[in-house]
Amino acid sequence: MAAMGNEEEILQKHIAQHHLKVTKERSVILKVFLEAERHVSAEELHQQVKKIHRSIGLATVYRTLNLFCECGLAQQHQFGGGHTRYELVYNVNHHDHLVCTGCGKIIEFENQNIEKLQEEVARKSRFTVFHHKLEMYGHCYDCARKEASKRIIRKK
């Protein structure tokens, strides 16, 4: 669970630079976002926000999540399943994702060898990388076991 501090300052600075209003709703959404699951959809976040501030609508949550992305606090991901997921990226080490297409589980991992290999490929191609992401899709251990069980049962 992240404590709110620099994140609030970053958001307020962004809001001021864009001549927007600092609102209680945005602060509530930020607080809940910082305490939420790592890869949260706007709908999931909205359900949590409504427990604290019932009148905050889903559209407000979407707009606020977009503000978080604009100011560098969050990043959008399309992991499949039809939902955009949002992840806190401020003060978080770069990492990649394993995405289970069976149950939707998202596993984060860091691997310096992969990072070095990507840098080497870019350098050899004289390519300047601004940002990158690696997402691998397949089945987690549990879903792979379920699939194997289904195949065994079908063979009988």
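- The minimum heavy-atom distance linking L45 with V40 is given by the pair N-CG2, 3.7 Å.
- To the nearest 0.5 Å, the span separating CD on E7 from CD on E9 amounts to 9.0 Å.
- Closest of all the heavy-atom pairs between K105 and C140 is CD-CB, 4.2 Å.
- Residues L88 and L73 approach most closely at CD1-O, 3.3 Å, considering heavy atoms.
- For K146, the side-chain contact (heavy atoms from CB on, under 4.5 Å) test picks out no residue, with sequence neighbours left out.
- Counting side-chain heavy-atom gaps under 4.5 Å among Ile, Leu, Val, Met, Phe, Trp and Tyr, Y141 is found in no cluster with other residues.
- Sorted by first then second residue, the salt bridge (charged side-chain N to carboxylate O under 4.0 Å, His left out) pairs that include residues 131-142, not counting sequence neighbours, are K133-E135.
- A search for side-chain hydrogen bond (donor to acceptor under 3.5 Å, both in side chains) contacts involving Q47 returns nothing, not counting sequence neighbours.
- Taking the six-membered ring for Trp and thresholds of 30 and 60 degrees, H94 and H132 have ring planes inclined between 30 and 60 degrees apart.
- With sequence neighbours excluded, the residues satisfying salt bridge (Lys or Arg N to Asp or Glu O under 4.0 Å) with E44 are R85.
- Evaluation of the salt bridge (Lys or Arg N to Asp or Glu O under 4.0 Å) rule for R38 yields E87, E108 as partners, not counting sequence neighbours.
- Nearest heavy-atom pair across C103 and C100 is N-SG, 3.5 Å.
- Put simply, the side chain of H46 gets close to the backbone of I56: a donor and an acceptor are under 3.5 Å apart.
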Just list the side-chain donor-acceptor pairs under 3.5 Å for residues 58-71, sequence neighbours left out, or say none.
unit_1, atom_1, unit_2, atom_2, d
T60, OG1, R63, NH2, 3.2
Y62, OH, E43, OE2, 2.6
T64, OG1, T60, O, 2.7
N66, OD1, Q76, NE2, 3.3
N66, ND2, Y62, O, 3.4
E70, OE1, H14, NE2, 3.0

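- Hydrophobic clustering (side-chain heavy atoms under 4.5 Å, transitive across Ile, Leu, Val, Met, Phe, Trp, Tyr) keeps V92 apart from L134.
- A 4.5 Å side-chain heavy-atom check between Y90 and L34 finds every atom pair outside the cut-off.
- Every residue meeting the side-chain contact (heavy atoms from CB on, under 4.5 Å) condition with Q78, not counting sequence neighbours, appears here in chain and number order: T84.
- Apart from Y137 itself, the hydrophobic cluster it occupies contains F79, V99, I106, where clustering links Ile, Leu, Val, Met, Phe, Trp and Tyr at side-chain heavy-atom distances under 4.5 Å.
- Here the OG atom belonging to S27 is positioned 7.0 Å from the CG atom belonging to L11, to the nearest 0.5 angstrom.
- Sparse packing is recorded around CD of Q112, with 12 or fewer heavy atoms of other residues, nucleotides or ligands lying under 6.0 Å away.
- For K24, there are no salt bridge (Lys or Arg N to Asp or Glu O under 4.0 Å) partners, not counting sequence neighbours.
- We find that K31 and E35 are joined by a salt bridge, their nearest charged nitrogen and carboxylate oxygen being less than 4.0 Å apart.
- Contact check for I114 versus F109: side-chain heavy atoms found under the 4.5 Å cut-off.
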Pairs of donor and acceptor atoms involving the side chains of residues 121-128, under 3.5 Å and at least two apart or interchain, shall be tabulated with distances.
unit_1, atom_1, unit_2, atom_2, d
K124, NZ, E120, OE2, 3.1
S125, OG, V121, O, 3.1

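- Using a 4.5 Å cut-off between side-chain heavy atoms of Ile, Leu, Val, Met, Phe, Trp and Tyr, with links allowed through other members, V89 and L98 fall into different hydrophobic clusters.
- The backbone N or O of Q12 lies less than 3.5 Å from no partner atom in the side chain of R26, so there is not a single donor-acceptor pair.
- Under the 4.5 Å side-chain criterion, counting only non-hydrogen atoms from C-beta, H97 is not in contact with I107.
- Take H53 and apply the side-chain hydrogen bond (donor to acceptor under 3.5 Å, both in side chains) test, not counting sequence neighbours, and it matches S55.
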